[in-house]
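One structure is given below, encoded as structure tokens.
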Protein chains: 2
Amino acid sequence: MLAPLESLSMTDRVENILREYFEENAFKPGDPLPNEMEMAQKLNVSRNVVREALSRLRMLGMIETRPRKGMVMSQPDLLTGMEKVLNPFILGTKNLKNIFELRLILEMGIAEFLFARKTKKDIEELEAIVNLQSNDFEVTKEEEIAFHGKLYEMTGNSTFKRFQILLMPVFNHVFTDYSKKRAHVELPNPVTHRDILEVIRKGTSDDFRQAMFKHLEPYFATSLNTAPPKKKK
Amino acid sequence: MLAPLESLSMTDRVENILREYFEENAFKPGDPLPNEMEMAQKLNVSRNVVREALSRLRMLGMIETRPRKGMVMSQPDLLTGMEKVLNPFILGTKNLKNIFELRLILEMGIAEFLFARKTKKDIEELEAIVNLQSNDFEVTKEEEIAFHGKLYEMTGNSTFKRFQILLMPVFNHVFTDYSKKRAHVELPNPVTHRDILEVIRKGTSDDFRQAMFKHLEPYFATSLNTAPPKKKK
DNA sequence: ATTATTAGATTTGTTCTACAAATAAACATA
DNA sequence: TATGTTTATTTGTAGAACAAATCTAATAAT
């Protein structure tokens with residue numbers, strides 16, 4: 001196959017060079033960086049090109065600059081870059097479907113950490129959230145987020161929690177979209193938030209996974225039915 | 001508390017404005033964008049500022065520009081932004097620990113999709129991978145990646161697969177780091193890749209989760225022992 | 001009439017210059 | 001010592017200029 005060989009712009013190249021430079025020299029958060037003019041001269045490019053590359057790294061949180069003082073390395077947020085791209089209109093249907101599934105995967109996978117780290121206080125708070133629901137069989141989006149958000153929090157993993165919170169709106173967007181195309185399915189024995197709460201209180205991590213699967217069954221069904229696995233031959 | 005009030009730079013503001021503009025007007029991949037000068041004039045900023053903002057969006061894959069022709073909206077990759085900051089030296093220990101756990105969570109969560117979508121061909125390929133291992137009880141990093149990578153692939157979720165591949169080096173980095181500080185623990189009954197293969201062949205998704213947990217037990221132990229849950233009071 | 005060539009206009013990539021503004025450091029003052 | 005002032009430094013922003021590639025349209029050739 002002949003693919004158009006991609007010619008990187010100066011900015012692209014400088015961005016890569018800078019990241020490699022930081023990596024090779026093991027720059028850590030707080031370390032001061034050379035100033036813009038110095039970089040531009042060393043790399044033999046204009047200050048503008050350097051600034052565009054730095055602007056990218058600044059957006060990702062890799063560097064910080066105190067205006068008129070200098071630049072320092074800083075600790076990036078893992079998910080900032082992803083967050084900015086989470087726009088349902090420009091993410092393709094495939095990406096959206098993948099995100100939808102990703103949430104289900106994550107939700108099923110938290111059992112061990114949840115049970116290893118749950119505290120009495122957590123369970124009390126979770127109960128309070130459940131008690132605030134006006135109807136156990138018809139929860140609002142806010143109640144949904146409150147409940148599951150608390151579960152993520154109980155894993156003690158802040159990245160994971162943030163990740164899930166980011167995914168949630170996309171998840172809802174996709175599900176709403178699917179729902180329009182499919183007849184609504186009533187489940188005979190739905191597992192409610194309250195049921196899950198009891199499992200967390202008295203059950204095992206295995207019980208939790210089974211309960212969670214039942215709880216998420218409509219979503220699993222949606223994903224596995226409407227989007228059959230396509231094998232690229 | 002008095003926190004330093006953050007004043008956004010023009011570039012930051014333009015970046016936000018552009019993203020909102022794309023979102024509000026439901027720009028889709030392929031849609032042409034106004035040119036740089038037009039944007040600069042409409043926003044009453046210099047072309048430099050617009051270019052820095054556009055450079056950021058270009059990095060994330062939100063826009064593409066065919067040099068000297070024009071800019072078009074494009075379909076971003078979800079994980080590009082994350083990939084660029086995956087540098088163990090600048091990610092803090094907390095982030096690294098979170099990533100470490102995230103892999104465990106994901107690995108435990110894939111059971112349903114794996115079993116719903118596995119094919120004979122998948123299982124044959126997985127068997128081939130297992131058979132290539134020289135020692136079932138002492139697999140190399142490459143063999144490890146091959147095996148688990150195939151599992152991710154079998155979920156039929158390309159984003160998920162890419163996600164895991166990105167996380168793997170960080171995971172190994174963290175575990176190597178932990179291993180130095182802890183005595184090596186021999187497990188009495190390790191679950192090997194071959195065991196997991198058999199479970200995938202003949203077992204259920206529940207069996208899979210239990211097998212996978214046993215397989216990953218050293219990692220779970222590492223995470224749950226060395227990093228006890230800290231409750232922020 | 002169709003094709004080939006040329007010229008001009010457009011747009012991004014890149015460079016350069018200039019200046020404002022904020023800070024830190026050095027200095028001066030009370 | 002504590003406070004005010006000056007100065008040098010560095011980023012943020014603006015604007016002009018040009019190269020290079022593409023598209024359009026006009027012109028020339030067959």
Side-chain angles (χ1 to χ4, degrees), chain A residues 2-19 21-22 27 29-76 80, chain B residues 2-19 21-22 27 29-76 80:
Chain A
L2 285 183
L5 51 92
E6 49 187 310
S7 62
L8 295 180
S9 68
M10 286 298 196
T11 301
D12 291 331
R13 288 163 63 189
V14 171
E15 184 211 323
N16 291 334
I17 288 172
L18 286 180
R19 276 212 318 282
Y21 173 71
F22 296 153
F27 270 80
D31 291 349
L33 304 181
N35 66 39
E36 296 176 350
M37 276 310 287
E38 195 176 328
M39 290 183 180
Q41 282 165 3
K42 288 249 173 72
L43 295 172
N44 197 32
V45 293
S46 75
R47 192 176 152 223
N48 273 357
V49 168
V50 172
R51 276 188 63 81
E52 283 194 20
L54 289 172
S55 182
R56 296 175 174 187
L57 303 183
R58 193 156 40 237
M59 175 187 62
L60 296 177
M62 285 184 73
I63 65 177
E64 259 173 51
T65 113
R66 304 209 225 310
R68 291 111 217 169
K69 200 182 157 188
M71 293 183 291
V72 294
M73 210 68 195
S74 85
Q75 199 164 304
T80 302
Chain B
L2 286 182
L5 52 92
E6 51 186 306
S7 61
L8 294 180
S9 68
M10 286 299 199
T11 302
D12 291 331
R13 287 162 65 189
V14 171
E15 185 211 322
N16 291 333
I17 289 172
L18 286 179
R19 276 212 318 280
Y21 172 71
F22 296 153
F27 271 81
D31 291 349
L33 304 181
N35 65 41
E36 296 175 352
M37 275 312 286
E38 195 176 328
M39 289 183 180
Q41 282 164 4
K42 288 249 173 74
L43 296 171
N44 197 32
V45 293
S46 75
R47 191 174 155 226
N48 277 347
V49 168
V50 172
R51 276 188 63 81
E52 283 194 21
L54 289 172
S55 181
R56 296 174 174 188
L57 303 183
R58 194 157 38 236
M59 174 186 63
L60 295 177
M62 286 184 73
I63 65 177
E64 259 173 52
T65 113
R66 304 210 225 307
R68 290 113 218 169
K69 203 179 158 189
M71 293 183 292
V72 294
M73 210 68 196
S74 85
Q75 198 165 303
T80 302

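Remember, predicted model here, so these are calculated numbers, not experimental data. Protein chains get the first letters and strands the later ones, always in sequence-line order, with residue 1 at the start of each.
Under the salt bridge (charged side-chain N to carboxylate O under 4.0 Å, His left out) criterion, A:R19 pairs with A:E15, not counting sequence neighbours. Taking A:P29 as the reference, A:Q75, B:I90 meet the side-chain contact (heavy atoms from CB on, under 4.5 Å) condition, with sequence neighbours excluded. A:E36 pairs by the salt bridge (charged side-chain N to carboxylate O under 4.0 Å, His left out) definition with A:R47, A:R51, not counting sequence neighbours. For A:S9, the side-chain contact (heavy atoms from CB on, under 4.5 Å) partners at least two apart in sequence or on another chain are A:T11, A:D12. Residues meeting the side-chain contact (heavy atoms from CB on, under 4.5 Å) test with A:M10, sequence neighbours left out: A:R13, A:V45, A:V49. The side-chain contact (heavy atoms from CB on, under 4.5 Å) check on A:Q41 picks up A:M37, with sequence neighbours excluded. Under the ring pair (Phe, Tyr, Trp, His ring centres under 6.0 Å) criterion, B:F27 pairs with B:Y21, B:F22, not counting sequence neighbours.
Residues from residues 29-38 of chain A that place a heavy atom under 4.0 Å from any atom of DNA chain D, listed by number: A:N35, A:E36. Near-neighbour residues of DNA chain C inside residues 45-54 of chain A, defined by a heavy atom below 4.0 Å, number-ordered: A:V45, A:S46, A:R47, A:N48, A:V49.
Distance CD (A:Q41) to P (D:dT10): 11 Å, rounded to an integer number of Å. Distance CZ (B:R13) to C1' (D:dT13): 13 Å, rounded to an integer number of Å. Atom CD in A:E15 sits roughly 13 Å away from atom P in C:dT14 (whole-Å rounding). Between B:R58 atom CZ and C:dT11 atom C1' there is a gap of 12 Å when expressed in whole angstrom units. Taking atom CE of A:M10 as the reference point, atom C1' of C:dT12 lies 14 Å away to the nearest angstrom. Whole-Å rounding puts the B:E64 CD to C:dT11 C1' distance at 17 Å. Rounded to whole Å, atom C1' of C:dG13 lies 14 Å from atom CG of A:L8.
The phosphate of C:dT12 (OP1 or OP2) has no side-chain N or O of A:S9 nearer than 4.0 angstrom. Between D:dG12 and A:T65, a contact under 4.0 Å exists linking OP1 or OP2 to a side-chain N or O.
Residues A:V72 and A:P32 share a closest heavy-atom pair of CG1-CA, 4.1 Å.
Salt-bridge check for A:E52 with A:R56: failed, with every basic side-chain N at 4.0 Å or more from each acidic carboxylate O.
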